[in-house]
Visitor: 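Before I ask anything, let me first share the structure, which is written out below as structure tokens.
Both ligands and their constituent atoms are indexed starting at 1 by order of listing.
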Amino acid sequence: MELNLDNKNVLVTAGSKGIGLATASGFHKCGANVTICGRSQEALDAAATKMPGCLTLTGDVSRADDIERVVAAATQEFGGIDILVNNAGGPPPGLFVDLADEDWDRAVELTLKSVIRATRLVLPHMQAQKWGRIINISSTGVKQPVPGLTLSNSIRMAVLGWAKTLANQVAADNVLINTVCPGFTQTDRIAQIFEQQSAASGKSIEEISAALAAQIPMQRIGRPEEIANLAVFLGSEASSYMTGTAIQVDGGSVQGF
Ligand SMILES: NC(=O)c1ccc[n+]([C@@H]2O[C@H](COP(=O)([O-])OP(=O)(O)OC[C@H]3O[C@@H](n4cnc5c(N)ncnc54)[C@H](OP(=O)(O)O)[C@@H]3O)[C@@H](O)[C@H]2O)c1
């Protein structure tokens, strides 16, 4: 299989840790020119040591001016963006009754408008060269709601609807838009959730992790690289007849057909 990622220009937003970092590293290993952004300089510096030549930029994807600055700097360094991976931190958990308008507004900026803004900036170059890939990192919550993740389950569906609609509008320009839906994946985010649950319940982190794994058909939590592998494939030449899809990588968790 030919991935043809050598010298392709990739921007992975929120790419300094977890699934974003694994995806950036996957593209980097395949010879792509990689740019990542994140809010913490420390995390970006640590990521850069694993990816020589990678461009790292501070930026908060929920801020329009930060996204503009990141895309402009990546374009200046490497040329136009050929592959955009839209990733961001997840919106906070919460039950509907506990969420105020401001919580919804913040989640829309973080999860929906970040993706729209970054895509708007990179799309003209992709359309002009008749080649582009846009990959959204979402969640299995778009296939089956995750209990308590009211903001995430809701707003990620808006991203999915947007992605499918735009995929139709730009398919003839060979710009392909697909969505990766991770299940539980061992990242800092999950480690923090386990720590909170451990403090609240008195159970050990190992017990909490084992109980979660027991609910997954494959009996284990995923690794970031296992999510990244699909993102890198979707960003490559090898995915040339795929657009508008949403594919889960979840050890078999989602039960719908
Ligand atoms: N892990 C899972 O089990 C799982 C399952 C389903 C879906 N997801 C989704 O997948 C995405 C990535 O999750 P993860 O587990 O890889 O998270 P993670 O390990 O916490 O990493 C999040 C990354 O995003 C960056 N980031 C967070 N907010 C940002 C912002 N506003 N602007 C720029 N960068 C930002 C972080 O760096 P800074 O903090 O320095 O900004 C970090 O590099 C999230 O949307 C999450 O909801 C995760």
Visitor: Hey, is K29 close enough to E225 for a salt bridge, meaning N to O under 4.0 Å?
Guide: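 No.
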Visitor: Please name the residue in the list V12, T35, I36 that meets the side chain to side chain contact (heavy atoms under 4.5 Å, CB included) test with C54.
Guide: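 Exactly one pass, corresponding to I36.
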Visitor: With sequence neighbours left out, what residues match R106 under salt bridge (Lys or Arg N to Asp or Glu O under 4.0 Å)?
Guide: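 Testing R106 for salt bridge (Lys or Arg N to Asp or Glu O under 4.0 Å), a comparison that skips the adjacent residues, returns D103.
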Visitor: So which protein residues pack against ligand 1 under 4.0 Å, heavy atoms counted?
Guide: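 Residues near ligand 1: A14, S16, K17, G18, I19, G38, R39, S40, G59, D60, V61, N87, A88, G89, G90, L110, I137, S138, S139, R156, P182, G183, F184, T185, T187, D188, R189, I190.
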Visitor: Could you state the interatomic distance from CG (N153) to CZ (F96), rounded to the nearest 0.5 Å?
Guide: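 Rounded to the nearest 0.5 Å, the CG-CZ separation comes out at 13.5 Å.
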Visitor: According to side chain to side chain donor-acceptor pair (under 3.5 Å), who are the partners of E237, at least two apart in sequence or on a separate chain?
Guide: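 Listed in chain order: W131.
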Visitor: Does anything in residues 188-203 pair up under side-chain hydrogen bond (donor to acceptor under 3.5 Å, both in side chains), and if so which pairs, sequence neighbours excluded?
Guide: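 Those involving residues 188-203 do not exist here.
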